Amino acid sequence: MNLHLNFCSVVLRKTAQFLGKAGCVFLFATFAGLHIAAAHAVFDRTMIGSGQTVRLSIAIEHGCNGSPTTALRAILPEGLIVTNVFAADGFNVETQKVRFQRSWSGPQGSVSEGIKEVVWSGGIVADKKRGEFPLELFVSSDLPLGQTLAVPVIQNCENGSQSWIEQAATPEAQDQLKSPAP
């Protein structure tokens, strides 16, 4: 699953009009969400509007080859403005701020710096148990529609790690990736 900026379909146009935006941001998976069951690091929502603030969670579906998850690091692309981070059950949360390459429209005006990485650590999620790592984002209305945004995730476990960082060139190619970024 990636964040995908696209024009709304006919069914969603009324929602876009209600939100006052010409487009919506889509969190999508190949085959209309059926791929989620086989995915390993995914978002918990399927759609959000650009120019909106939304609380999302990155869900980890399993550990690393039977080993429990002990930390998660998410690397956010520019244009996704982190407005709040939350500790996951039993985990501490840390952030890394950076100066953006350009200014973005944020929830309260222009934003030129913000959180680039969020790290949850110090907890444990057993293998084959779902762990959710929440954050709140503002999706800048400056992001061009039709662009797909990947959020690379590094999962650390008691034994080993897993990098969910692969990015497909097209939405159709997403299903072919072994370790796709959410």
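Nothing fancy with the numbering, it's 1 onward along the sequence. Being a predicted model, the structure only gives us computed values, none of them experimental.
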Would you compute the distance between atom CD1 of Ile60 and atom CD of Glu132 and round it to the nearest 0.5 angstrom?
10.5 Å
Could you see if Val118 belongs to whatever hydrophobic cluster contains Val54? Use Ile, Leu, Val, Met, Phe, Trp, Tyr and a side-chain cutoff under 4.5 Å.
yes
According to a 4.5 Å side-chain heavy-atom criterion applied to Ile, Leu, Val, Met, Phe, Trp and Tyr, with indirect links allowed, do Ile165 and Leu177 form part of one hydrophobic cluster?
no
Give the minimum heavy-atom separation between Pro107 and Thr53, together with the two atoms involved.
CB-OG1, 4.4 Å
Report yes if the side chains of Glu61 and Arg130 come closer than 4.5 Å at any heavy-atom pair, otherwise no.
yes
Does the side chain of Ile58 reach to within under 4.5 Å of the side chain of Val153, using non-hydrogen atoms?
yes
Roughly how far apart are Arg99 CZ and Lys97 NZ, rounded to 0.5 Å?
11.0 Å
Do Leu143 and Phe138 sit in one hydrophobic cluster, given that two such residues count as connected whenever their side-chain heavy atoms are within less than 4.5 Å of each other, even indirectly?
yes
Side chains of Gln162 and Ser179 in contact at under 4.5 Å (non-hydrogen atoms)
yes
Please evaluate residues Thr83 and Glu136 with respect to the criterion side-chain hydrogen bond (donor to acceptor under 3.5 Å, both in side chains), reporting the C-alpha separation (whole Å), side-chain torsions for both, the decisive distance (0.1 Å), and the verdict.
CA-CA 6 Å; Thr83 56; Glu136 186 179 83; 2.7 Å; yes
Decide side-chain hydrogen bond (donor to acceptor under 3.5 Å, both in side chains) for Ser140 and Ser105; before the verdict, give the C-alpha distance in whole Å, the side-chain angles of both, and the deciding distance to 0.1 Å.
CA-CA 6 Å; Ser140 178; Ser105 63; 3.0 Å; yes
Is any side-chain heavy atom of His62 closer than 4.5 Å to one of Asp127?
yes
Test item: side-chain donor near acceptor, Ser103 and Ser112, under 3.5 Å:
no
Would Val93 end up clustered with Leu56 when hydrophobic side chains under 4.5 Å apart are linked, directly or stepwise?
yes
Any chance CG of Asp89 has more than 12 other-residue heavy atoms, nucleotides or ligands included, within less than 6.0 Å?
no
Show me, pair by pair, the donor-acceptor contacts under 3.5 angstrom made by side chains of residues 63-81, not counting sequence neighbours?
| residue | atom | partner | partner atom | Å |
| --- | --- | --- | --- | --- |
| Ser67 | OG | Glu158 | N | 3.3 |
| Ser67 | OG | Asn159 | N | 2.8 |
| Thr69 | OG1 | Gln155 | NE2 | 2.7 |
| Thr70 | OG1 | Asn156 | O | 3.3 |
| Arg73 | NH1 | Glu117 | OE1 | 3.2 |
| Arg73 | NH1 | Glu117 | OE2 | 3.4 |
| Glu78 | OE1 | Gln101 | N | 3.2 |
| Glu78 | OE1 | Trp104 | NE1 | 2.9 |
| Glu78 | OE2 | Gln101 | N | 2.7 |

Are the side chains of Phe91 and Val125 in touch, meaning some heavy atoms are under 4.5 Å apart?
yes
Heavy-atom pair of closest approach, residues Pro134 and Trp120:
O-CZ2, 3.3 Å
